[in-house]
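What follows is a short report on a single structure.
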Amino acid sequence: MKHEQVKIHESAYVSGDAIIGANSSIWNNSQVREGVRIGQNCILGKDVYIDFDVEIGDNVKIQNGALVYHGTRIKSGVFVGPGVIFTNDKKPRSINKDGSLKLSDDWVVGEILVGFGASIGAGAIIVTGVTIGRFAMVGAGAVVTRDVPDHALVVGNPARLIGYVCSCGERLVDTGSGKWVCQSCAETIQITLQ
Ligand SMILES: CC(C)(COP(=O)(O)OP(=O)(O)OC[C@H]1O[C@@H](n2cnc3c(N)ncnc32)[C@H](O)[C@@H]1OP(=O)(O)O)[C@@H](O)C(=O)NCCC(=O)NCCS
Ligand SMILES: [Zn+2]
């Protein structure tokens, strides 16, 4: 049977073509479209939209109301806050020059990659064409228009780098020679400044 060991709320719509790993949950009113691949132990909250062919790893949490459009790849361990939007059309137009409706071949789908362990704060918008690095952290309400390095902390519109964070989420402090140390868990991480 398809989607066994997956908890799907009765009000969610999950395509029979979507592949979903064991112990994942999909809550109220969420939609998971055809061709989607979701790993194990993922939690998709309420009113989440996962567009066709989106790829999501294991242990990913996607909070209420997040919109994940076609062209997005989310690696394992990623946190997506409530209301986050991953976009896919950099220069959107509804119509062609002659006024006719654009069809799927009339525009270019952009791509977004979110690296292992990264977190995206509530309400952030990720403009297409960017890579968000491993364990990076995007502040609430940020508009991400450029790549975000591994472990980087970015905030604002447009999102700017204001520091680096540990895998545990706390700030890293520069100890010199590229080594940064976590004030909370003492992990040391090599950072190449951008
Ligand atoms: C970005 C974030 C991780 C920073 O936390 P922090 O390291 O404790 O940073 P601070 O609170 O010390 O703030 C540092 C500076 O950044 C600013 N700042 C913090 N978060 C910001 C944000 N989301 N957008 C813009 N500026 C922000 C602060 O005002 C402060 O500015 P100042 O130095 O001019 O006073 C945190 O504020 C945040 O947005 N977390 C996401 C929370 C979230 O969405 N969770 C989702 C689950 S509900
Ligand atoms: Zn740490």
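In each ligand, atom 1 is the first atom listed, and ligand 1 is the first ligand listed. In what follows, residues are counted from 1 in the order of the sequence shown. Given the structure is predicted, the values throughout are model-derived calculations rather than measurements.
Shortest contact from atom 10 (P) of ligand 1 to any protein heavy atom: Arg171 NH2, 4.4 Å. Among protein heavy atoms, the minimum distance from atom 48 (S) of ligand 1 is reached at Pro82 CD, 4.2 Å. Summary of contacts: the protein heavy atom closest to atom 45 (N) of ligand 1 is Ala122 N, 4.3 Å. Closest protein heavy atom to atom 40 (N) of ligand 1: Ala140 N, 4.4 Å. What sits closest to atom 19 (C) of ligand 1 on the protein, heavy atoms only, is Val155 CG1, 4.6 Å.
Here the straight-line distance linking atom CZ of Phe135 with atom SG of Cys168 works out to 10.0 Å at 0.5 Å rounding. Distance check: Trp107 CH2 to Asn96 CG gives 13.0 Å after rounding to the nearest 0.5 Å. Residue Ile189 holds its CD1 atom at 7.5 Å from SG of Cys182, rounded to the nearest 0.5 Å.
Distance remark: protein heavy atom not present below 4.0 angstrom from atom 28 (C) of ligand 1. For atom 7 (O) of ligand 1, a protein heavy-atom neighbour is present inside the 4.0 Å cut-off. Of the protein's heavy atoms, at least one falls inside 4.0 Å of atom 3 (C) of ligand 1. For atom 32 (P) of ligand 1, the nearest protein heavy atom is 4.0 Å or more away. For atom 36 (C) of ligand 1, no protein heavy-atom neighbour is found at a distance under 4.0 Å. At least one protein heavy atom sits closer than 4.0 Å to atom 16 (O) of ligand 1. At a distance under 4.0 Å, a protein heavy atom can be found next to atom 22 (C) of ligand 1.
At a cut-off of 3.5 Å, with distance as the only test, no side-chain donor of Asp47 or Asn64 sits close to an acceptor on the other residue.
Using a distance-only test at 3.5 Å, with no hydrogens or angles considered, a donor-acceptor pair links the side chain of Asn88 to the main chain of His70. The closest donor-acceptor contact from the side chain of Ser24 to the backbone of Gly39 lies under 3.5 Å. At distances below 3.5 Å, not a single donor-acceptor pair connects side-chain atoms of Asn29 with backbone N or O atoms of Lys46. Within the 3.5 Å criterion, the main-chain N or O of Asp58 finds a donor-acceptor partner in the side chain of Ser76.
Near Ile162, with a cut-off below 4.0 Å to any heavy atom, the atoms of ligand 1 are 16 (O). Atoms of ligand 1 found under 4.0 Å from any heavy atom of Gly139, numbered from 1 in the order shown, are 1 (C), 23 (N), 39 (O). Close approach to Phe79 involves these atoms of ligand 1, each under 4.0 Å from a residue heavy atom: 46 (C), 47 (C). Each of the following atoms of ligand 1 lies closer than 4.0 Å to a heavy atom of Leu153: 1 (C), 3 (C).
At a 4.0 Å heavy-atom cut-off, ligand 1 touches Met137 through the side chain alone.
By the 4.0 Å heavy-atom criterion, Val165 is excluded from the residues contacting ligand 1.
Following chains of ILVMFWY side-chain contacts shorter than 4.5 Å, one cannot reach Ile112 starting from Leu67, and the two form parts of different hydrophobic clusters.
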Full working for side chain to side chain contact (heavy atoms under 4.5 Å, CB included) between Phe86 and Val54: CA-CA 11 Å; Phe86 295 93; Val54 162; over 6 Å; no
CA sep, side-chain torsions, deciding dist, call: Asn23, Gln40, side chain to side chain contact (heavy atoms under 4.5 Å, CB included): CA-CA 6 Å; Asn23 300 317; Gln40 300 186 354; 5.7 Å; no
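Seen from the Zn ion (ligand 2), atom SG on Cys166 and atom SG on Cys168 lie at an angle near 110° (rounded to 10 degrees).
A 4.5 Å side-chain heavy-atom check between Val130 and Val148 finds every atom pair outside the cut-off.
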